[in-house]
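Report on the following structure.
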Amino acid sequence: MKDVLQFVRENDVKFVRLGFCDIFGFQKNISIMANELESAFENGLSFDAHVIRGFRDITKSDLFLFPDPSTMAVLPWRPGPGRVIRFFCDIKTPDGSAFEHDTRLILKRVTERAGKMGYDCKIGAECEFYLFKTEESGEPSDITLDKGTYMDIYPIDKGEDIRREICLTLEEMGIQPESSHHEQGPGQNEIDFKFDDAVASADNLQAFKTVVKSIASRNGLFASFMPKPIIDAPGSGLHINLSLYQNGKNIFNNVGEGSSKAAESFISGVLDKTPEITMFLNPLSNSYERLGKFEAPMYVSWSHQNRSQLVRIPAASGEKVRMELRSPDPSLNPYLAFALIISAGLDGIEKNINLCRAVDEDLYTADINITKDLVQLPGSLEKAIALAENSDFIKNILGGRLLSKYSEMKKTEAKDFALISRASQDVKVKFYKERYFNIT
């Protein structure tokens, strides 16, 4: 905290953004002047919690934001003079206790559980997004930035300079990008950044989405993280890569070779719980247009290298060996998603679950004799809600009250979609655009 305050004094910092998110992962913030930061560290900053979805009712509407000094980052795109810095915050009640629906806190507690078991989980996210042109009014259009395909180059790929600017901005904020390229869809892009511990990785993903949207807007474009913004094109996934460390060593080194039972049980736990946590991994009605198409999974299965599986073990060696969960999409709350995924894996270890046999088939074209015995992921938000509501596992991790609030709001969304689900494709596209396009 002292180092941060010294940085503020010595580097022309004038504005401080205190960031957090609602239970659905939508980012919020309040800006204070730099001379108020020390008070915020010591006393917190109050805000009206009853207008934040899933937080509190109007009778107990006060909550306090306490900036986490380890998350300070300069926002490079804000014009000077007068720098702007940002913190992610812990949320507390007026009596100083932790707020039970602070999703970042929930993830912290899961990482503490992993530590007590002797494990440290590292996460890397591969996040896809689309770039659309904007209309004269500044509103997003339906026209993608380009017509490029997977790993095309300029001039077919017109997103090259935007990705470059995003990567440089991320670096300035202390987030290390590893690679970037054009994805399969027209105007679709992907940028991957380095593994980190679970909380930092969730923070980085939230920062990444802010950077992408800000840099796109500055260049007259609109960035969409909607799972399926174009019905007949590939959806945008958020592939979550996980490695598990014990005594500083990656125990995923020998997955599939029989010498890392804990790693195999971790994968088994994730496979076992993914259907019931799907509401949190794929939280929009639009999410289910993506699953089962264009390399997005449909079944609960695993294999090496195979991109038709729910869990894939990529070709890698040494410290880069990991499991990749392929069903999530970018509309999720990363704190809740990571908390549930890690907890599922830890449960697998505690119960010593054996890893099922790999399915080394292309599941998009596989014979019915191969797929008939495989568990399917829920095919709609409505089905995902039903599985989540009956999950004691989720209640134990998130608490019954948070699960109830989340699912009740999602039921309203699913009910609205059910009214038009049997209508024409044009009607569904209109629903998705009005409901999700501008906010994801």
Side-chain angles (χ1 to χ4, degrees), residues 15-32 40 44-56 63-68 70-78 84-92 99 101-108 123 125 127-130 140 166 169-170 172-175 191 193 196 198-218 222-227 236 238 240 280-281 283-284 287 328-339 402 405-406 409-410 435-440:
F15 297 92
V16 179
R17 289 187 180 180
L18 306 183
F20 64 104
C21 69
D22 66 16
I23 63 172
F24 301 102
F26 285 93
Q27 298 185 66
K28 308 290 182 181
N29 84 150
I30 184 170
S31 184
I32 61 174
L45 187 77
S46 67
F47 68 100
D48 182 357
H50 103 276
V51 293
I52 304 296
R53 290 192 307 164
F55 273 23
R56 295 188 124 184
L63 287 175
F64 288 79
L65 298 175
F66 284 81
D68 179 346
S70 70
T71 65
M72 188 197 81
V74 176
L75 302 187
W77 64 88
R78 299 303 299 158
V84 180
I85 60 173
R86 177 234 65 205
F87 297 90
F88 291 109
C89 296
D90 298 319
I91 307 173
K92 296 184 180 182
F99 175 52
H101 295 168
D102 178 359
T103 60
R104 192 168 182 267
L105 174 65
I106 290 170
L107 178 56
K108 282 184 178 181
I123 294 182
C127 192
E128 298 168 343
F129 60 94
Y130 273 83
I166 290 168
T169 301
L170 291 171
E172 287 187 67
M173 295 177 69
I175 302 171
I191 297 175
F193 41 91
D196 212 325
V199 176
S201 185
D203 289 344
N204 289 345
L205 181 57
Q206 295 290 72
F208 171 79
K209 293 172 77 172
T210 298
V211 169
V212 169
K213 283 188 169 290
S214 297
I215 299 302
S217 180
R218 193 164 71 175
F222 177 76
S224 173
F225 290 95
M226 186 170 155
S236 289
L238 176 68
I240 299 175
F280 295 94
L281 307 183
L284 308 182
S287 299
D329 67 57
S331 65
L332 53 67
N333 178 331
Y335 302 105
L336 292 182
F338 293 178
L402 177 58
K405 283 187 176 184
Y406 193 106
M409 292 183 188
K410 285 297 167 182
R435 195 65 166 251
Y436 305 126
F437 188 61
N438 286 338
I439 63 171
T440 54

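Only this structure's heavy atoms are used, side chains among them; waters, hydrogens and symmetry mates stay out.
- In this structure, the separation between CZ on F55 and CG on D102 is 6.5 Å, given to the nearest 0.5 Å.
- Note: N204 CG to I175 CD1 = 4.0 Å, rounded to the nearest 0.5 Å.
- Contacts of L45 classified as side-chain contact (heavy atoms from CB on, under 4.5 Å), with partners at least two apart in sequence or in another chain: L18, I30, I32.
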Practice task
Could you walk me through whether F99 and R56 pass side-chain contact (heavy atoms from CB on, under 4.5 Å), step by step?
Solution key: CA-CA 10 Å; F99 175 52; R56 295 188 124 184; 3.9 Å; yes
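- Here the side chains of P330 and F129 are not in contact, with every heavy-atom distance at 4.5 Å or above.
- Looking at residues two or more places apart in sequence or on another chain, you find no salt bridge (Lys or Arg N to Asp or Glu O under 4.0 Å) involving K213.
- In terms of the side chain to side chain donor-acceptor pair (under 3.5 Å) criterion, residue partners of S331 (sequence neighbours excluded) are, by chain and number, D329.
- Taking the six-membered ring where the residue is Trp, F20 and F47 present tilted rings, their angle falling between 30° and 60°.
- Distance alone, capped at 3.5 Å, places no donor-acceptor pair between the K209 side chain and the F225 backbone.
- For K92, the side chain to side chain donor-acceptor pair (under 3.5 Å) test picks out no residue, with sequence neighbours left out.
- The side-chain contact (heavy atoms from CB on, under 4.5 Å) search around A202 returns L107, P334, Y335, F338, not counting sequence neighbours.
- Taking CD1 of I85 as the start and CZ of R17 as the end, the distance is 11.5 Å to the nearest 0.5 Å.
- In this structure, CG in L402 is found 6.0 Å from CG in L336, a value given to the nearest 0.5 Å.
- A search for salt bridge (Lys or Arg N to Asp or Glu O under 4.0 Å) contacts involving R218 returns E165, not counting sequence neighbours.
- When side chains are defined from C-beta on, R104 counts as touching V199, because their heavy atoms get closer than 4.5 Å.
- Atom CZ of F26 sits about 4.0 Å away from atom CD1 of I439, to the nearest 0.5 Å.
- The ring-ring contact (aromatic ring centres under 6.0 Å, His included) test applied to Y406 returns F24, F280, not counting sequence neighbours.
- Annotation: side-chain contact (heavy atoms from CB on, under 4.5 Å) contacts of F64 (sequence neighbours excluded): S46, F66, P94.
- Side-chain contact between L205 and I123 is absent, with no heavy atoms from C-beta onward closer than 4.5 Å.
- Partners of Q27 by side chain to side chain donor-acceptor pair (under 3.5 Å), not counting sequence neighbours, listed by chain and number: T210.
- K108 pairs by the salt bridge (Lys or Arg N to Asp or Glu O under 4.0 Å) definition with D90, not counting sequence neighbours.
- The two atoms that bring M173 and R86 nearest to each other are CE-NH1, 3.7 Å, heavy atoms only.
- Here S70 pairs with D68 under the side chain to side chain donor-acceptor pair (under 3.5 Å) rule; sequence neighbours left out.
- In this structure, the side chain of S287 engages the main chain of L284 through a donor-acceptor pair within 3.5 Å.
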Practice task
Would you please test C127 and I191 for side-chain contact (heavy atoms from CB on, under 4.5 Å) and show each step?
Solution key: CA-CA 6 Å; C127 192; I191 297 175; over 6 Å; no
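- Side-chain contact between C89 and P67 is present, with at least one heavy-atom pair separated by less than 4.5 Å.
- Residues passing the side-chain contact (heavy atoms from CB on, under 4.5 Å) test with D48, sequence neighbours excluded: H50, V51, S61.
- Looking at every heavy atom in both residues, G19 comes nearest to N29 through CA-CB, 4.0 Å.
- L332 and L281 get closest at one heavy-atom pair: CD2-O, 3.7 Å.
- Using modelled atom types, one side-chain atom of Q206 and one backbone atom of G25 make a donor-acceptor pair closer than 3.5 Å.
- Here the shortest heavy-atom pairing between P76 and V74 reads CD-O, 3.0 Å.
- H101 places a side-chain N or O within 3.5 Å of a backbone atom of G54 that can act as its donor or acceptor partner.
- Looking only at side-chain heavy atoms (C-beta outward), L105 and I91 stay at 4.5 Å or farther from each other.
- Under the 30°/60° scheme for interplanar angles, the aromatic rings of F222 and F437 are found to be tilted.
- Scanning all heavy atoms of the two residues, the minimum distance from D22 to T103 falls at O-OG1, 4.4 Å.
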